[in-house]
S.K.: 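Structure provided below as structure tokens; questions to follow.
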Amino acid sequence: MDKGEYVLDNLINVSSSPHIRSGVTTRRLMLDVIIALIPASAAGIYFFGLRAALLIAVTVASCVLFEYLTRKALKRSNTIGDLSAVVTGLLLALNLPPELPLWMAIIGSFFAIVIVKQLFGGIGQNFLNPALAARAFLVISYGTRMTTWTQPSTYAAADAVSFATPLGALKEGGQLPDLIDMFIGNIGGSTGETSALALIIGGIYLLARGVITWHIPVVYIGTAGLFAWILGRDGLLTGNPLFHVLAGGLMIGAIFMATDYTTSPMTVKGMVIYAAGCGILTILFRMYTNMPEGVSYAILLMNVAVPIIDRFTKPGRFGGAANV
Amino acid sequence: MKIHNFKGGVHPPHSKNTMNCPSVSIGVREKIIIPMVQHIGAPCQALVKKGDYVKVGQVIGNTDAFVSAPIHSSVSGTVTAVEERIISGSRPVVCVEIKPDGLQAVSEDIAPPVVDSRESFIRAVRDSGLTGLGGAGFPAHVKLNPPKGVKIDTLIINAAECEPYITSDYRECLENTADIFEGINHVLKWTGIPRAIIGIEDNKPEAIKKLSEAANGFSNITVARLKSRYPQGAEKMLIKALTGREVPPGKLPHDVSCLVMNVASVAFIAGYLRTGMPLIQKRVTVDGSAVRNPGNVLVLIGTPIKDVIGSCGGYSSEPGKLIMGGPMMGVSLYSDDLPVMKYTNAILAFDSRDGSIPDEYPCIRCGRCVRACPMNLLPFEIDRLVRARMYDGLESVNITDCIECGCCVYTCPSKRLIVQSIRLGKDIVRRKAKK
Ligand code: SF4
Ligand code: SF4
């Protein structure tokens, strides 16, 4: 029987404190984001059919493959295990029109992983959100295909030829969809952006798991709603905030894209400024440019501003002010 | 009752498994090793040599330097060696090794000190060998003797014990309540500080109750509940939570009119003034996944850790890491032959799984470390600068403000060894300043 005695030779670890760590790991955080995106992905597949599933599978697979190959080519460690490439692939698919030709989607994956992420040094180093940058790139390169929308298979209307998104309809003065349909996702749009309900469920999961804090989504959505109301189509204070909040990519943008760690500020104060900027820019783009949608560009622009925001919201030095 | 708090921090599991384990004395073991450096400040000179016979309480190490404290023998017995050894850190220190004779014959010098003035009180505290018992090991009499012109209005008694696992101060509060108050009264009386606040985390209701009842008898001593959040017991956080004052960078508590003492330290002062028995014994929590019967023990200073763990049933599995102190700020040891020191408040032995060092991954800029840092630093940025060897930028990110609490590392999803980088960076800054 052992008497609780061990000979300690080279067996024990000697390291700098602290000696315990929280259970949160990068991989676990990414896995939580993937789980949180399941409702939105499922809604996309439900409304747009199996083609949406195929699109998701292709972008995820190609993102992971590009990540693997670039790391190999750059002779760096293999990082597909951190699951961040899966998240990028998933988010990319959910931000693309469901019928987009698959080869275009693969080009998007390439742009996101190789150009935006790995060439800047990999996870944590990119200053733009990879999925959004790839989406913007595709819009510039293949404008028509990127704005060809499919009607949800569940939609009652007979006219399937020219289908507009709610924001497109708003721009062109067409008939606006029912707010309930918009909430559930029974409208045209990108694969994963249409169902506010599914996105909010995912958002609540992220909050409950402590993956994100409420600041960015709430401030983003709140500011966008406020400005949509102020800058209404028929004059000041006439806008319909609910319509704007439910339309287009605002929900997915506020909950999943703007909260990307690497491209958002570090402090709570910084997050609030950044999210308010995203909200205001989104509405300005929607109202005063000829683009119907403004979320991606708003977030990308604010991504660029993050280093400046971080600099100006640096926490004050402890004991720095005269508190004596 | 109001609950006091500070900004930042983390919530590691409390793991106060030994809360209900009363302290038991483990007695005299076969060997005692007493290093001549057990405090912040000047090392002591060994006053004994091989072959000498020493008695309990006899001074065996001392120095003339003010920032230092004498060291006493915790046993009676024969000195078997006086030689340099590696204890922790990389520099060897002189150690006195004693073979106890088991008689515990007390030195003739032991007598209650005569205290009739501030000066004699401070001298007595120095003679007692007391250094901060909370883990930092700063000589107590130095704190009691602030520079001229500094007025202290609040004595803060640190009973927060925010480190996971450790319950030795908690047991002190329950088992030694009267001495705590007696000690506080001595300090208040001889230093002229008008009031004392005992700060204790709200996860210790029994101790709060006991202390509050005792405090009812004193109009100038109050008990304040602190939110249980690490590092609530760090001096600067404690002062902030209890008084709202922030100790400026590079300054000390007395610069904001506060004096902070550990709860076990004041209780010790009471006992010392009564008996004259110097600091030779410590209350130590023994816990961790590799310890068979975790508990609280009273240990003679200098007892090898192996014997302390042996008194708690020994190891239950192969230890992967040995820690002196808490899991957040404690020092990991390379051997269980090392002795219990004046500032030892816990010994933890983790099995190979809990004691493993996780792989590091790249920083994802999630900001968790920034939001957790109680000193408002940018830990990820300091880490980046040190690793990139951009040492010139270290002062501008206030690296020397870091209290090495470990919140940043605890909370980091990428398991970055930020505190290790910061220690390295501080050392480089210090050496540059010397040049
Ligand atoms: S917590 Fe870790 S991963 Fe997050 S910003 Fe700090 S160092 Fe980077
Ligand atoms: S940087 Fe220093 S003070 Fe801040 S959390 Fe890390 S160890 Fe604590």
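Below, chain A is the first sequence line, B the second, and so on; all start at residue 1.
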S.K.: Counting only heavy atoms closer than 4.5 Å, note whether T411(B) contacts chain A via side chain, backbone, both or neither.
M.R.: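 When you check distances to chain A, only backbone atoms of T411(B) fall under 4.5 Å.
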S.K.: When heavy-atom pairs shorter than 4.5 Å are enumerated against chain A, which of G406(B), P327(B), C412(B) gives the highest number?
M.R.: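 Most heavy-atom pairs under 4.5 Å with chain A: P327(B).
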S.K.: If I measure from the heavy atoms of chain A, does V370(B) come under 4.5 Å with its side chain, its backbone, both, or neither?
M.R.: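 Only the side chain of V370(B) comes within 4.5 Å of chain A.
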S.K.: Can a side-chain donor-acceptor contact be found between S15(A) and K321(B) if the only test is distance below 3.5 angstrom?
M.R.: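 Yes, because at least one side-chain N or O of K321(B) sits under 3.5 Å from a partner of the opposite role on S15(A).
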S.K.: Measure up the F137(A) and F111(A) rings against each other and bin them: parallel (under 30°), tilted (30 to 60°), perpendicular (over 60°).
M.R.: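 F137(A) vs F111(A) ring planes: parallel.
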S.K.: Using non-hydrogen atoms and a 4.5 Å limit, figure out which bit of K236(B) sits close to chain A: side chain, backbone, both or neither.
M.R.: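 For K236(B), heavy atoms of backbone and side chain both lie under 4.5 Å from chain A.
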S.K.: Can you tell me which portion of D354(B) sits under 4.5 Å from chain A's heavy atoms? Options are side chain, backbone, both or neither.
M.R.: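 For D354(B), the backbone is the part near chain A, not the side chain.
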S.K.: In terms of heavy-atom proximity below 4.5 Å to chain B, should S264(A) be classed as side chain, backbone, both, or neither?
M.R.: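 The backbone, not the side chain.
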S.K.: Under 3.5 Å, is there a donor-acceptor pair between the T25(A) and Y361(B) side chains?
M.R.: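 Result is no, nothing qualifies.
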S.K.: Is C369(B) in contact with chain A via its backbone, its side chain, both, or neither, using a 4.5 Å heavy-atom distance?
M.R.: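 Answer is neither: C369(B) stays 4.5 Å or more from chain A.
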S.K.: Could you look at P164(B) and say if it's the side chain, the backbone, both or neither that has a heavy atom under 4.5 Å from chain A?
M.R.: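 Just its side chain gets close to chain A.
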S.K.: Less than 4.5 Å to any heavy atom of chain A: does that hold for the side chain of L348(B), its backbone, both, or neither?
M.R.: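 Neither the backbone nor the side chain of L348(B) comes within 4.5 Å of chain A.
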S.K.: Kindly indicate whether the side chain of L259(B), heavy atoms from C-beta on, has any atom under 4.5 Å from the side chain of H254(B).
M.R.: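 A side-chain contact is absent here, since even the closest heavy-atom pair is not under 4.5 Å.
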S.K.: Would you mind telling me which of I418(B), V247(B), N398(B), V291(B) has the largest number of heavy-atom pairs within less than 4.5 Å of chain A?
M.R.: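 Option with the top pair count is N398(B).
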S.K.: Quick one: which of I20(A), T263(A), T79(A) has the most heavy-atom pairs under 4.5 Å with chain B, could you say?
M.R.: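 Option with the greatest count: I20(A).
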S.K.: Under a 4.5 Å heavy-atom cut-off, does chain A meet the side chain of I323(B), its backbone, both or neither?
M.R.: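 It is the side chain, since no backbone atom gets that close.
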S.K.: Side chain, backbone, both or neither: which part of P12(B) has a non-hydrogen atom closer than 4.5 Å to chain A?
M.R.: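 Contact with chain A is through the side chain of P12(B) alone.
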S.K.: Is any side-chain heavy atom of Q118(A) closer than 4.5 Å to a side-chain heavy atom of I113(A)?
M.R.: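 Side-chain contact under 4.5 Å: yes.
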S.K.: With a 6.0 Å cut-off on the ring centroids, do Y165(B) and F350(B) count as close?
M.R.: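 Yes; F350(B) has its ring centre under 6.0 Å from that of Y165(B).
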S.K.: I want to check something: taking the side chain as every heavy atom from C-beta on, are Y274(A) and N303(A) in contact at a cut-off of under 4.5 Å?
M.R.: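 Side chain of Y274(A) against side chain of N303(A), heavy atoms only: contact under 4.5 Å found.
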S.K.: Between C363(B) and chain A, with a heavy-atom cut-off of 4.5 Å, which part of the residue counts as in contact: side chain, backbone, both or neither?
M.R.: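 The backbone, not the side chain.
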S.K.: E246(B) pairs by salt bridge (charged side-chain N to carboxylate O under 4.0 Å, His left out) with which of K7(B), K251(B), K240(B)?
M.R.: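 Among the candidates, only K240(B) passes.
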